[in-house]
Novice: 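Would you mind keeping the following structure in view while I ask a few things?
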There are 2 protein chains.
Amino acid sequence: METGDLRKVGLKATLPRLKILEVMQAHREAHLSAEDVYRLLLDEDEDVGLATIYRVLAQFEAAGLVVRRHFEEGHALFELTDIGPHDHLVCVECDYVEEFYDEKLAGRLNEIAAQSEFSIANHTLVIYGSCNRPECPSSKRKNN
Amino acid sequence: METGDLRKVGLKATLPRLKILEVMQAHREAHLSAEDVYRLLLDEDEDVGLATIYRVLAQFEAAGLVVRRHFEEGHALFELTDIGPHDHLVCVECDYVEEFYDEKLAGRLNEIAAQSEFSIANHTLVIYGSCNRPECPSSKRKNN
DNA sequence: ATAGCTGCAAAACCTTTGCAATCAA
DNA sequence: TTGATTGCAAAGGTTTTGCAGCTAT
């Protein structure tokens with residue numbers, strides 16, 4: 001059970017928290033908004049208030065379980081922390097998000113920091129562009 | 001005058017637009033929110049409605065005069081496009097911000113986007129760390 | 001038992017929009 | 001003149017908060 005995961009970070013193992021954690025884990029490849037989590041729980045007939053989801057996600061964030069991200073949209077997206085370091089490609093047309101990890105990039109970032117006499121701790125990198133997936137509006141336009 | 005800058009991109013040279021452009025240019029090193037622009041104009045006794053600022057900044061963005069960015073805050077920040085592409089090093093100890101542009105980095109980003117079949121438009125990169133400037137608390141700690 | 005948690009509804013944000021008045025060309 | 005632009009206020013969408021009741025320990 002994830003009950004332990006919650007206790008470990010000092011949170012009572014309540015039903016809403018367990019359910020929210022479950023949903024995050026069931027969609028660990030996705031970037032979910034509070035609203036997304038809300039709907040996914042409704043789909044399972046789990047009736048958790050939206051306010052609770054916001055509160056719990058904030059607690060998870062404080063506990064280091066999830067990270068909050070702001071891409072182009074007008075709302076925050078959350079993802080589990082345990083998937084490791086990675087950056088994001090975001091499609092500005094359809095909000096599709098892809099993750100990547102690039103060794104060379106990481107190396108170059110360290111060199112840059114070294115040149116500036118910075119001790120690098122971490123970074124945030126988001127590349128914006130148009131994905132060329134068939135279902136993206138940008139593709140349809142090119143087909144004309 | 002900046003009147004020309006506006007005409008060039010097909011916008012009537014109205015007072016509010018001129019004033020907003022002026023403020024952006026007077027703070028070209030900063031990242032301003034719509035609210036920031038609003039307050040800066042108030043400070044100059046220029047009374048421009050907040051709604052107008054949002055509208056004008058959106059027009060400037062469409063015209064390529066400014067770029068809209070979403071960092072970690074819950075609101076958008078705008079900066080002039082003409083300062084050229086650059087990224088940021090931020091010291092988490094003293095909030096010192098340094099801008100840099102790195103050719104190799106840019107090249108690698110393009111390669112990454114190409115691999116994912118993304119047409120890259122732009123990106124946001126912030127490196128967090130400790131600067132080692134003498135006036136930074138992090139340096140003082142090491143001197144002990 | 002009790003400190004902490006939840007749901008609801010209301011409030012707080014940031015941003016966009018409708019509309020009548022105003023302005024640049 | 002006339003279409004574009006503005007300011008205001010109202011609406012929109014996301015996130016936070018106050019509070020009374022509920023729950024895990």
Side-chain angles (χ1 to χ4, degrees), chain A residues 1-23 31-42 44-63 65-78 92 95, chain B residues 1-23 31-42 44-63 65-78:
Chain A
M1 250 320 186
E2 295 94 345
T3 307
D5 296 338
L6 291 178
R7 291 262 174 62
K8 220 176 297 175
V9 298
L11 293 172
K12 270 192 195 172
T14 64
L15 198 66
R17 296 218 260 242
L18 285 171
K19 288 300 172 189
I20 292 170
L21 187 51
E22 264 176 34
V23 168
H31 298 82
L32 302 177
S33 67
E35 184 85 25
D36 291 336
V37 175
Y38 180 67
R39 295 203 181 293
L40 286 168
L41 286 177
L42 279 192
E44 302 177 10
D45 287 312
E46 292 294 343
D47 221 318
V48 179
L50 188 51
T52 298
I53 294 179
Y54 275 105
R55 268 185 298 231
V56 169
L57 285 175
Q59 292 158 348
F60 284 4
E61 185 189 17
L65 257 44
V66 304
V67 185
R68 182 193 304 250
R69 306 213 174 259
H70 293 90
F71 298 127
E72 288 290 271
E73 306 92 357
H75 55 257
L77 298 180
F78 298 83
V92 296
D95 291 342
Chain B
M1 252 314 169
E2 294 93 346
T3 307
D5 297 338
L6 292 177
R7 293 260 174 64
K8 221 176 296 175
V9 297
L11 293 171
K12 269 192 197 171
T14 65
L15 199 66
R17 295 217 260 242
L18 285 171
K19 288 300 172 188
I20 293 170
L21 187 51
E22 264 176 34
V23 168
H31 300 83
L32 302 177
S33 67
E35 185 84 26
D36 290 336
V37 175
Y38 180 66
R39 296 206 181 292
L40 287 168
L41 286 177
L42 279 192
E44 303 178 10
D45 288 311
E46 293 294 342
D47 220 317
V48 179
L50 188 51
T52 299
I53 294 178
Y54 276 105
R55 269 185 298 231
V56 168
L57 285 175
Q59 291 158 349
F60 283 4
E61 185 189 17
L65 256 44
V66 304
V67 185
R68 182 192 305 250
R69 303 206 174 267
H70 293 89
F71 294 121
E72 298 301 283
E73 306 92 359
H75 54 259
L77 298 181
F78 298 83

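So you know, we letter chains A, B, ... as the sequences are listed, proteins then strands, and number each from 1.
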Novice: If you compare all heavy atoms of A:Leu18 against all heavy atoms of A:Leu6, which two are closest, and at what distance to 0.1 Å?
Specialist: CD2-CD1, 3.7 Å
Novice: How many whole angstroms separate atom CZ of A:Arg17 from atom C1' of C:dG4?
Specialist: 8 Å
Novice: Angle, rounded to 10°, between the helical axes spanning five pairs at each terminus of the helix from C:dA1-D:dT25 to C:dA25-D:dT1?
Specialist: 30°
Novice: Rounded to the Å, how far apart are A:Leu18 CG and C:dC5 P?
Specialist: 13 Å
Novice: Please report the shortest heavy-atom distance between A:His70 and B:Gly74, naming the atom on each side.
Specialist: NE2-CA, 4.3 Å
Novice: Between A:Leu57 (CG) and C:dT6 (C1'), how many Å, whole number?
Specialist: 15 Å
Novice: How far does CD1 of B:Ile53 sit from NZ of B:Lys19, to the nearest 0.5 angstrom?
Specialist: 13.0 Å
Novice: Have a look at A:Phe60 and tell me which of A:Asp5, A:Val67, A:Leu21 forms a side-chain contact (heavy atoms from CB on, under 4.5 Å) with it.
Specialist: A:Leu21
Novice: Which atom names give the shortest non-hydrogen contact between B:Tyr38 and B:Val48, and what distance separates them?
Specialist: CE1-O, 3.1 Å
Novice: When rounded to the nearest 0.5 angstrom, what distance separates CG in B:Asp47 from OG1 in B:Thr52?
Specialist: 10.5 Å
Novice: Distance check needed: C:dT6 P versus A:Leu41 CG, whole Å only.
Specialist: 12 Å
Novice: Please compare B:Leu77 and A:Gly49 by the position of their nearest nucleotide in DNA chain C and report the one closer to 5'.
Specialist: A:Gly49
Novice: Nearest-Å distance, CD (A:Gln59) to C1' (C:dC5)?
Specialist: 8 Å
Novice: Treat primed atoms plus P, OP1 and OP2 as sugar-phosphate and everything else as base, then score nucleotides 16-25 of chain C 5' to 3': B for base contact with protein heavy atoms under 4.0 Å, S for sugar-phosphate contact only, - for none.
Specialist: BBB-----BS
Novice: CG of B:Leu11 to OG1 of B:Thr3: how many Å apart, nearest 0.5 Å?
Specialist: 12.0 Å
Novice: Just how far is it from atom CG of A:Leu50 to atom CZ of A:Arg39, taken to the nearest 0.5 Å?
Specialist: 9.0 Å
Novice: Of the non-hydrogen atoms in B:Arg17 and B:Gln59, which two are nearest, and what is the gap between them?
Specialist: NH1-OE1, 2.8 Å
Novice: Can you name the nearest heavy-atom pair linking A:Glu44 to A:Val23, along with the distance?
Specialist: OE2-CG2, 4.1 Å
Novice: If I take atom CG from residue A:Leu57 and atom CG from residue A:Leu32, how far apart are they, to the nearest 0.5 angstrom?
Specialist: 9.0 Å
Novice: Extract, from 5' to 3' on DNA chain D, the first and final nucleotides lying under 4.0 angstrom from some heavy atom of chain B.
Specialist: D:dG3 to D:dA9
